[in-house]
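Have a look at the structure below before the remarks.
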Number of protein chains: 2
Amino acid sequence: MSSPPRSLDETELGAYFALIEASSLLKHAVEEQLREAGDLSYVQFQLLATLGDSPTGSRRMTDLADGVVYSRSGLTYQAQTLEKRGLVERTQSSDDERGITVTVTAEGRAVLADVFPGHVAILDELLFAPLSRSDVEALADILSRARDHMRQNPPRSAKPRRRRKAAAGTGRERT
Amino acid sequence: MSSPPRSLDETELGAYFALIEASSLLKHAVEEQLREAGDLSYVQFQLLATLGDSPTGSRRMTDLADGVVYSRSGLTYQAQTLEKRGLVERTQSSDDERGITVTVTAEGRAVLADVFPGHVAILDELLFAPLSRSDVEALADILSRARDHMRQNPPRSAKPRRRRKAAAGTGRERT
DNA sequence: CGTAGTTGCTTCGAATCCGAAGCACATTGT
DNA sequence: ACAATGTGCTTCGGATTCGAAGCAACTACG
């Protein structure tokens with residue numbers, strides 16, 4: 001509310017840049033592996049993996065969107081793409097007439113299994129190779145906290161679908 | 001070459017997911033702020049910031065591409081976009097007839113200055129708020145090492161421009 | 001000098017992504 | 001039951017992305 005604008009020191013800048021760069025590089029590498037091994041985009045892999053993780057192999061769209069950092073529309077797009085390939089199925093939720101339940105198919109699991117070893121290998125080579133055990137532990141701990149914090153504090157996005165009237169008048173709008 | 005395929009333990013998975021999620025969330029948040037504050041995409045901001053960092057305010061395209069994790073074509077696109085808005089200028093390198101030197105304009109610097117405080121604020125709120133000083137230091141240290149390692153080891157991308165002959169016949173291409 | 005291979009950047013086509021708007025079902029209050 | 005509001009997902013339009021192919025300028029080497 002009142003924290004004065006301050007600049008970042010060198011360490012903070014370093015952490016920020018390293019975070020962005022490292023994740024970008026890793027993501028690019030993984031994306032390439034996924035494309036070659038199973039013709040999957042990163043999101044598609046994330047979706048399949050999330051579904052495979054579930055005991056029933058299925059989730060609702062919204063839960064998926066929560067798990068992956070993705071826009072709803074992007075999720076719809078990828079779910080449709082995966083469905084066309086027969087890697088997932090989409091069925092109406094029995095509970096909620098407008099809810100869609102996405103389920104990974106046998107073929108989806110097969111593709112997942114096909115891709116996974118290479119995926120792990122990339123992570124080993126690129127991310128974990130230069131890190132010690134305690135590095136990995138520290139990374140997991142620190143970044144988990146950061147992630148949880150960010151999930152709780154949607155910065156100014158995730159608006160309630162339409163700034164509820166004028167309650168959001170933070171004086172931020174332009175023009 | 002011979003490391004047997006192994007699975008990742010819980011900590012490693014945690015570190016990996018936390019890295020991807022945290023960076024995604026942060027990037028999304030920052031992107032939104034940049035769009036609202038200065039109508040810049042993340043890459044555009046990175047480019048301007050990189051240029052602003054340089055003493056002369058200019059760099060060659062290739063050096064820019066190295067600094068940012070980006071495809072060449074994407075860089076060309078964004079440089080053109082920024083040029084149309086008058087935030088950068090592109091001139092032929094005197095040295096190399098085919099080299100392009102990109103220079104940030106006064107207006108580009110203005111936009112940068114306009115956007116920067118909000119940018120820092122977001123980082124403070126979302127990334128640094130839940131972290132201690134030593135967390136930040138550890139993060140900077142660990143991720144810098146990871147990043148440097150990845151930069152040195154292009155996984156299988158960054159091919160010498162055309163897989164030298166048929167050396168890459170892994171039998172993976174589909175039809 | 002001339003030819004071959006490299007390197008810097010752009011163009012091209014297609015895929016992917018997002019936010020805003022829209023539609024349909026659900027829930028709540030009266 | 002009805003209206004008002006909230007929620008789940010999709011559609012739409014446009015922006016951004018990438019890899020592959022292409023063009024032009026450099027470099028090496030005979």
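Chain identifiers are assigned alphabetically (A, B, ...) following the order of the sequence lines, protein sequences preceding nucleic acid strands; residue numbering begins at 1 within each chain. Hydrogens, waters and symmetry mates play no part in the numbers below; they use all other heavy atoms, side chains included.
Every pair passing ring-ring contact (aromatic ring centres under 6.0 Å, His included) that includes a residue from residues 38-62 of chain A is listed here, sequence neighbours excluded: Phe45(A)-His119(A).
For DNA chain D, no neighbouring residue in residues 80-90 of chain B is found when judged by any heavy atom under 4.0 Å. Applying a 4.0 Å cut-off to non-hydrogen atoms, the residues of residues 46-62 of chain B that approach DNA chain C are Arg60(B), Met61(B), Thr62(B), listed by residue number.
Straight-line distance from the CG atom of Asp95(B) to the C1' atom of dG8(C): 13 Å, rounded to whole Å. To the nearest angstrom, P of dT16(C) lies 18 Å from OH of Tyr77(B). Between the CZ atom of Arg35(A) and the P atom of dT16(C) there is a distance of 8 Å, given to the nearest Å. What separates CG of Leu34(B) from P of dT16(D) is a distance of 13 Å, to the nearest Å. The distance between atom CD of Gln92(A) and atom C1' of dC25(C), rounded to the nearest whole Å, is 10 Å. Atom CD1 of Ile100(A) is separated from atom P of dC23(C) by 18 Å (rounded to the nearest Å). Separating the NZ atom of Lys27(B) from the P atom of dC17(C) is a distance of 12 Å, rounded to the nearest angstrom. Distance Tyr42(B) OH to dC18(C) P: 16 Å, rounded to the nearest Å.
Summary of helix geometry: the two end axes of the helix from dC1(C)-dG30(D) to dT30(C)-dA1(D), each defined by five base pairs via their C1' atoms, are inclined to each other by 20° (rounded to 10°).
Side-chain atoms of Thr101(B) and Thr91(B) form no donor-acceptor pair, as typed in the model, at a separation below 3.5 Å.
Checking the phosphate oxygens (OP1, OP2) of dC18(C), a side-chain nitrogen or oxygen of His28(B) falls inside 4.0 Å. Contact check, Gln78(B) against dT17(D): a side-chain N or O comes under 4.0 Å of OP1 or OP2. Contact annotation: Tyr70(B) reaches the phosphate of dT17(D) (side-chain N/O to OP1 or OP2, under 4.0 Å).
Across Val68(B), Leu40(B), Leu51(B), a single residue satisfies side-chain contact (heavy atoms from CB on, under 4.5 Å) together with Gln46(B), and that is Val68(B).
Formation of a donor-acceptor pair under 3.5 Å by the Gln92(B) side chain with backbone atoms of Glu97(B) is found in this model. Judged purely by atom type and a 3.5 angstrom limit, Thr76(B) uses its side chain to pair as donor or acceptor with the backbone of Arg72(B).
A donor-acceptor contact under 3.5 Å links the side chain of Ser73(B) to the base of dG19(D). Under 3.5 Å, the side chain of Arg98(B) and the base of dT7(C) form at least one donor-acceptor pair of N or O atoms.
Residues satisfying the salt bridge (Lys or Arg N to Asp or Glu O under 4.0 Å) test with Glu107(A), not counting sequence neighbours, are none. Under the side-chain hydrogen bond (donor to acceptor under 3.5 Å, both in side chains) criterion, Asp141(A) pairs with Arg145(A), not counting sequence neighbours.
Closest of all the heavy-atom pairs between Ala18(A) and Arg147(B) is CA-NH1, 4.1 Å. Considering every non-hydrogen atom in both Ala29(A) and Leu126(A), the closest pair reads CB-CD1, 3.3 Å.
Side-chain contact between Leu26(A) and Tyr16(B): present, with at least one pair of heavy atoms (C-beta onward) separated by less than 4.5 Å.
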Which is it for Ser132(A) and Asp135(A) under the side chain to side chain donor-acceptor pair (under 3.5 Å) test, yes or no, and what are the steps along the way?
CA-CA 5 Å; Ser132(A) 73; Asp135(A) 286 337; 3.1 Å; yes

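Atom CD of Glu89(A) has 12 or fewer neighbouring heavy atoms from other residues, nucleotides or ligands inside a 6.0 Å radius.
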